[in-house]
Amino acid sequence: MDDATDRTPDNALPLPELVEARLAGDRKLTVSVKTLIREALGGSGNAEDGVRASSPGPLYLSKVTVTGFRGVGSQTLLKLKPKPGVTLVVGRNGSGKSSIAEAVETLFTGTNAHCSAQHPSHAVRWRNLHHGEQTAVEAKLTVEGDPSPSTLTRTWTGHAFTDSEAVLRRPGHGTVPLEQAGWERATRAHRPFLSYADLDNLINGKPSEMYDNIAAILGLDHLNAAARRLTAAKKELDAVVNAEKEKKPLLHAALEEAGHDDRALKALLAMEEKGDGPDHAVLDALVVGASTADEGRLREARLEAAAETEAPDLDRVGDSVDALRSAAADVDDLKGTAAADAHSRAELLQAALSHSDRHADDTACPVCGTEEALDREWATRAEAQIAALLCEAEAVRETEAALRTATRALHDLILPPRDIPAALAEPWEEWGDCRRITDPAELADHALKAAVTLTDACAIVAGSARRELAAKDERWHAVVGPLAEWTRLSREAAAAKPRRTEVSAALNWIKKLTTEIRDLRVDAFAGHTQRIWEKLRQQSSVDLTHVGLHGSERANVRKLVMDVTVDDTESASALSVMSQGELHSLALSLFLPRTATADSPFGFVVIDDPVQSMDPAKVDGLAQVLDELGRDRQVVVFTHDTRLPHAFRSQNLPVTVLKVERGEKSKVHVTAGIDPVKEAIGNAMALARTENCSDAALRHVLPSLCREALATAIVEAAWLRRNRTGQPADRLQAALDETERLLPLASFSLFDDGSVHTDEDVKDSLRSLYGRESTVLIHQCQQGAHPGGFLPHDPVAFVRKVENLANEIRKPGANA
């Protein structure tokens, strides 16, 4: 990866955004490789699931309605603030609080440990006995950025716990089954539900399951899925290339066994990878037997095999020779006869007549010199005499014509082919020379002998060539199939190699990024876990020194590694040295970071009974952990232990407390819990109305109780202002932790800059908003902590004034 992208400080980004940022910033990757990576990631370069794809912000719970589920009978409503913050739902055992918690979990997942028999106590009855005609769970959901709430509803239609259906109705997106909401992977990886049974599973589960639980939140499942797709694609391409490589030596051997076949030699040459690779056109031609293979000895053998078809036709040659000899005999038979003499005389007279015609003015005989011997009269007599002689010599003319015809016919049979095999060059040459022989007798004798010699030679050469070709073809046909297959594989390999290179580059990039993100997120997860443990381990001698993953996703042996020390001494096993409370604290340390990752679409987390087995010091630490988580998440904690609300109040941590009570026939009511401001005012008023109350109590305890009420109201107002202005939560908390006096504390509820203003600025703002007496009341409450204290003239009236001021400070928008 590009060095510039390696240093990107964006580990807090959701994984798809992080991957896309790295991908877009990598200048070494080609466009096609980037496209491959995006395809392998499932086209999720901009979004990981349905919620993230279509909404800009996280998902919060608003109103939860439960009907006929477990310990809840008729409809019960749980109202929650759909924003970050901690809500404690407090109720005694059997009040129905766990039923509500499990209902929320079942609403999103379709299951929970109790009802699906995953709990050691086995499955419990999931349908309420007092309200069996209908079972349903519904939640109003606020998706940050949406104009109005969505609704998720799960209803049961059958008798089995699994006979339920869930649908999501979202403004502008219609109604879809929950499975199409895109939360399935996120629910597994960032599960926002933790029951008491899950606490045990987190620390007592199988090593591989514990590994998978943590590995899932690191984003490795998403990247590993992409790596698996690319690996599968590379495997297919490798198979094509390897198949060609494996077949090539086998084909080489087969072609070499084909002997001195020019086709085999041509195939071997065409297979060599030079320039653009094998010459597939030549190989194709060899496979189909095209003319590109007709070269060298193979071509010569084919000419030899066809020699018999080009050889003289002995029957026709014999007939022509017989005709020639017959015509020559006829000519010889007429020699010395009257016909021959008449023929000679006619020829002589024709010659004289021709001379007379050419020399009409010269009548002298050219032979004897007699004057006027060749006159007109002589010419007339000569023509008549020629006609008579020609009639007498007709037999001679016919025999001579027949001889010429027979000679020409024999010459016409002597036609050598265009291509003559080297083995037949000499007999073909002798046969061709016969065309130059004019003597009939010589022609007849020589032609017949040459024809017979040539025909015999053609038969012998052709037979040998056919046997040679048959052997060659048999060997060739044995390799044509493998050659055709290799040619196809070679083409596919040539086409696959560029893609294979790109897939390899994409896979290497994904693997490198996976390792990097794993290291980053394991470190971040381990750091978060250790920070939580440090707060939860209050007064514990067990120190968690390292949290990591051993093995890999597909390894047979993979586990979550937790290194601990006990009293600064290394211990081989964390679980063997921890108390039950410490084990549950450790489980929370492992669970909570899963819910707080940037990849999670859930802005909420629901925890049931996390306080059991914890000593008071750990409960205080838990309140701090939940408070920290609540700065970015909506945290809903169900508990029967009243120590947790007290831990929040005692540490001045903002919290909303709801109370759960169960009446007859499983009627469950959820009401507002004890308000800490009202509780402090109530305690102060009770003290103010106490008869014969000591001056010391009125001078110190009463102002301190009133100060507690004002401090709680001011802190609450400060957090409200922080939520409006977007000030960093950790910055405000740190400032609140460092501030003891009320006036500096009030700065955070009055000003947007999140800093401590001067006392005069704070007083001016307080007087402007709440009247001049407000600063006096704050000063009087502060005096209670001083040695002299403050003794109000009318304690009840003093408490009333403080109550009114606290209520004004807490009014929404009062200090906007």
Side-chain angles (χ1 to χ4, degrees), residues 84-86 531 534-535 620-621 623-632 645-656 675-677 679-681 683-684 700-770 773-790 802-803 805-812 814-816:
V86 180
R531 289 195 303 274
E534 283 302 313
K535 291 183 179 180
D620 286 342
Q624 297 172 22
V625 169
L626 295 176
D627 172 66
E628 181 179 342
L629 182 63
R631 298 171 193 180
D632 297 303
H646 175 73
F648 273 87
R649 289 195 300 269
S650 64
Q651 299 178 83
N652 288 325
L653 301 178
V655 67
T656 298
D675 186 294
V677 174
E679 183 180 20
I681 292 296
N683 292 335
H700 294 286
V701 177
L702 183 64
S704 296
L705 289 172
C706 290
R707 182 195 181 283
E708 180 182 347
L710 288 178
T712 302
I714 288 172
V715 169
E716 183 179 311
W719 279 106
L720 290 175
R721 179 172 292 278
R722 175 262 171 189
N723 291 335
R724 289 199 304 270
T725 60
Q727 290 286 337
D730 54 350
R731 177 179 166 186
L732 175 60
Q733 185 61 51
L736 293 176
D737 292 342
E738 294 175 358
T739 305
E740 297 180 355
R741 296 171 52 241
L742 284 180
L743 286 179
L745 196 66
S747 290
F748 303 116
S749 69
L750 297 171
F751 302 102
D752 291 340
D753 55 11
S755 61
V756 176
H757 288 243
T758 65
D759 287 355
E760 289 306 316
D761 288 342
V762 174
K763 289 179 180 179
D764 289 343
S765 183
L766 287 170
R767 294 182 188 116
S768 174
L769 290 171
Y770 312 120
E773 193 176 11
S774 61
T775 58
V776 175
L777 287 174
I778 289 175
H779 175 71
Q780 291 170 344
C781 290
Q782 286 284 114
Q783 288 295 108
H786 295 167
F790 168 72
V802 171
E803 180 183 19
L805 178 58
N807 290 336
E808 286 296 318
I809 292 173
R810 300 179 76 191
K811 283 183 179 179
N815 59 347

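The structure displayed is predicted, hence computed values, not measured ones.
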Worksheet, complete the sentence: Rounded to the nearest 0.5 angstrom, the SG-CG distance for Cys706 and Asn683 is 10.5 Å
Discussion item. Closer than 3.5 angstrom, by distance alone: can the side chain of Thr739 be matched with the main-chain N or O of Ala735 as a donor-acceptor pair?
Written reply: yes
Fill in: Exercise: identify the closest heavy-atom pair between Ile681 and Ala709
CD1-CB, 3.7 Å
Fill in: Closest non-hydrogen atom pair between Leu710 and Ala806, with its separation
CD2-N, 3.9 Å
Worksheet item: Nearest 0.5 Å, what's the OG1-CZ distance between Thr712 and Phe648?
Response: 14.0 Å
Worksheet, complete the sentence: On a heavy-atom basis, the closest approach of His700 and Gly788 is CE1-C, 4.0 Å
Item to complete: Check step by step if side-chain contact (heavy atoms from CB on, under 4.5 Å) holds for Leu766 and Val762.
Response: CA-CA 6 Å; Leu766 287 170; Val762 174; 3.8 Å; yes
Discussion item. Return the OH to CG distance between Tyr770 and Leu750, rounded to the nearest 0.5 Å.
Written reply: 5.5 Å
Discussion item. Quick check for you: to the nearest 0.5 Å, what is the distance between Leu653 atom CG and Gln624 atom CD?
Written reply: 7.0 Å
Practice prompt. With salt bridge (Lys or Arg N to Asp or Glu O under 4.0 Å) as the test, would you mind laying out the steps for Lys763 and Asp759 before giving the verdict?
Written response: CA-CA 6 Å; Lys763 289 179 180 179; Asp759 287 355; 5.8 Å; no
Worksheet item: Can Arg741 and Gln782 be counted as having a side-chain donor-acceptor contact under 3.5 angstrom?
Response: no
Worksheet entry | Student check: side-chain heavy atoms of Pro645 and Val655 closer than 4.5 Å | no
Discussion item. Using 0.5 Å steps for rounding, measure from the OG1 atom of Thr775 to the CD atom of Glu760.
Written reply: 9.0 Å
Practice prompt. Give a yes or no on whether the backbone of Asp761 and the side-chain of Ser765 come within a donor-acceptor separation of less than 3.5 Å.
Written response: no
Worksheet item: So how far is it from Leu705 CG to Glu679 CD, rounded to the nearest 0.5 Å?
Response: 10.0 Å
Worksheet entry | Enclosure of His779 NE2 (heavy-atom neighbours >12, cutoff 6.0 Å) | no
Item to complete: Apply side-chain contact (heavy atoms from CB on, under 4.5 Å) to the pair Ile714 and Phe748, showing each step before the final yes or no.
Response: CA-CA 8 Å; Ile714 288 172; Phe748 303 116; over 6 Å; no
